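Shown next, in structure tokens, is the structure this report addresses.
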Amino acid sequence: MTPLALVWTTVCLWKTVYSLTPTEFHFVRYPPINDTEVLTCECSSRSCQTVFWFRTLHNNSGFQFLLSLNNADRTSYGRKVDELRFKASKRDMGSKVAFTLRINKIKVEDAGLYSCMLQNQKENELWRPGVLLRPGETRPTLTPVTKPKPQGIPRGRCTKRNYQTPKGCGSKVLWPLVGVLLTLAVALIYTLYYFSRLPKKCRHQFAKKRPLK
């Protein structure tokens with residue numbers, strides 16, 4: 001990678017990292033102080049030639065290039081990187097390759113987002129999800145979410161108390177009452193219609209019974 005390409009990649013990763021929220025990270029680790037943490041960057045094929053490791057410190061002190069490792073096991077470190085604490089290696093896994101970053105004697109100042117970038121023979125770049133390290137911190141425990149129990153429909157006799165509930169006996173009384181009212185309305189309309197036609201019918205029958213002179 002040329003110096004100009006490295007600078008451009010650094011700027012792009014800087015913008016990408018600061019646009020992320022803690023919930024969008026691939027995962028978070030809480031290593032103890034003075035412990036050793038190993039990060040892995042896998043390549044799905046054997047075409048990857050070089051891996052680049054970066055980190056963005058948690059205290060917003062800036063973006064840092066840590067090191068790079070190629071297939072010839074040649075390591076190039078960034079500025080002010082402790083070569084005794086940061087070690088890179090490569091491991092063949094059959095059809096794919098795994099690059100690792102080993103951090104020895106972790107400090108509180110090492111808290112931040114660690115990311116890797118793979119480069120193949122055609123110098124195509126492939127970014128992997130970052131790992132957020134929080135040394136010395138305690139992993140938060142998530143409180144279980146309790147779902148409220150659904151209210152059941154009251155059964156049995158409907159009293160004045162459960163009659164007022166919309167999902168209870170109110171529906172049992174309302175719909176039969178509507179049916180009775182509709183039946184009475186239909187019967188009333190039919191009766192009025194019958195009596196409205198009754199006088200005409202009677203006059204017609206009376207005219208037929210009168211004797212002819």
Side-chain angles (χ1 to χ4, degrees), residues 1-140:
M1 177 181 286
T2 62
L4 181 60
L6 181 59
V7 172
W8 175 251
T9 302
T10 302
V11 174
C12 294
L13 182 61
W14 178 275
K15 294 181 179 180
T16 303
V17 167
Y18 275 94
S19 64
L20 294 175
T21 60
T23 56
E24 293 173 335
F25 292 140
H26 189 250
F27 55 90
V28 183
R29 298 184 185 180
Y30 300 85
I33 302 298
N34 294 325
D35 201 357
T36 300
E37 188 69 28
V38 179
L39 308 179
T40 305
C41 187
E42 293 186 0
C43 180
S44 57
S45 63
R46 301 181 64 87
S47 62
C48 296
Q49 299 292 318
T50 310
V51 61
F52 299 86
W53 288 97
F54 307 89
R55 73 174 178 178
T56 302
L57 298 179
H58 189 60
N59 55 6
N60 296 328
S61 61
F63 175 83
Q64 184 182 16
F65 165 69
L66 295 174
L67 56 87
S68 64
L69 176 69
N70 57 17
N71 281 339
D73 290 334
R74 180 180 177 182
T75 305
S76 300
Y77 286 90
R79 295 181 57 187
K80 298 181 180 180
V81 176
D82 191 350
E83 300 182 9
L84 298 178
R85 295 182 55 237
F86 294 89
K87 297 291 184 179
S89 60
K90 184 188 69 172
R91 184 174 72 256
D92 292 333
M93 303 175 61
S95 60
K96 58 183 180 180
V97 180
F99 296 91
T100 59
L101 175 65
R102 185 182 184 90
I103 308 174
N104 300 315
K105 297 181 180 180
I106 291 182
K107 303 178 182 179
V108 178
E109 295 79 9
D110 294 328
L113 175 67
Y114 289 73
S115 305
C116 67
M117 184 192 72
L118 299 170
Q119 191 178 63
N120 58 14
Q121 298 175 353
K122 299 181 180 180
E123 295 188 353
N124 295 327
E125 299 171 354
L126 177 63
W127 291 96
R128 291 303 187 190
V131 178
L132 182 62
L133 294 184
R134 293 188 174 182
E137 297 185 17
T138 304
R139 183 183 298 273

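In this chain, residues are counted from 1 in sequence order. Predicted model, so just to flag it, every value in this text is computed and none were measured.
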Can you give me the closest heavy-atom contact between A98 and M93, atom names plus distance?
CB-SD, 3.3 Å
What verdict does the side chain to side chain contact (heavy atoms under 4.5 Å, CB included) test give for L133 and I103, after you've listed the backbone C-alpha separation in whole Å, the side-chain angles of each residue and the deciding distance to 0.1 Å?
CA-CA 11 Å; L133 294 184; I103 308 174; 3.9 Å; yes
I33 side chain near P135 side chain, heavy-atom distance below 4.5 Å:
yes
Tabulate below the donor-acceptor pairs under 3.5 Å that side-chain atoms of residues 36-43 make, not counting sequence neighbours, or state none.
{"from": "E37", "atom 1": "OE2", "to": "R29", "atom 2": "NH1", "distance (Å)": "2.6"}
{"from": "E42", "atom 1": "OE1", "to": "K96", "atom 2": "NZ", "distance (Å)": "3.4"}

Nearest-0.5 Å distance, CG of residue L69 to OG1 of residue T50:
8.0 Å
Taking S68's backbone N and O only, do any of them form a donor-acceptor pair with R74's side chain (distance below 3.5 Å, no angle check)?
no
Nearest 0.5 angstrom please: F52 CZ to L66 CG, how far?
12.5 Å
In terms of relative ring orientation, are F54 and F65 parallel, tilted or perpendicular, with 30° and 60° separating the classes?
tilted
The side-chain contact (heavy atoms from CB on, under 4.5 Å) partners of K80 (sequence neighbours excluded) come to none
Would a 4.5 Å heavy-atom cut-off, applied to side chains only, mark L101 and L67 as touching?
yes
Measure the spacing between CG of N70 and SG of C48 and express it to the nearest 0.5 Å.
13.0 Å
Value rounded to 0.5 Å, distance of CH2 in W53 from OH in Y77
13.0 Å
Residues two or more places apart in sequence or in another chain: which of them pass side-chain contact (heavy atoms from CB on, under 4.5 Å) with S47?
S45, N120
Enter the distance from W127:CH2 to M117:CE here, rounded to the nearest 0.5 Å.
5.0 Å
Measuring from atom OH of Y30 to atom CD of E137, what distance do you get when rounded to the nearest 0.5 angstrom?
6.5 Å
Considering only distance and modelled atom types, tabulate donor-acceptor pairs under 3.5 Å from the side chains of residues 81-92, sequence neighbours left out.
{"from": "D82", "atom 1": "OD1", "to": "L84", "atom 2": "N", "distance (Å)": "3.1"}
{"from": "R85", "atom 1": "NE", "to": "N104", "atom 2": "O", "distance (Å)": "3.1"}
{"from": "R85", "atom 1": "NE", "to": "K105", "atom 2": "O", "distance (Å)": "3.4"}
{"from": "R85", "atom 1": "NH2", "to": "K105", "atom 2": "O", "distance (Å)": "3.2"}
{"from": "R85", "atom 1": "NH2", "to": "D110", "atom 2": "OD1", "distance (Å)": "3.4"}
{"from": "R85", "atom 1": "NH2", "to": "D110", "atom 2": "OD2", "distance (Å)": "2.2"}
{"from": "K87", "atom 1": "NZ", "to": "E83", "atom 2": "O", "distance (Å)": "3.1"}
{"from": "S89", "atom 1": "OG", "to": "T100", "atom 2": "OG1", "distance (Å)": "2.4"}
{"from": "K90", "atom 1": "NZ", "to": "N71", "atom 2": "O", "distance (Å)": "3.3"}

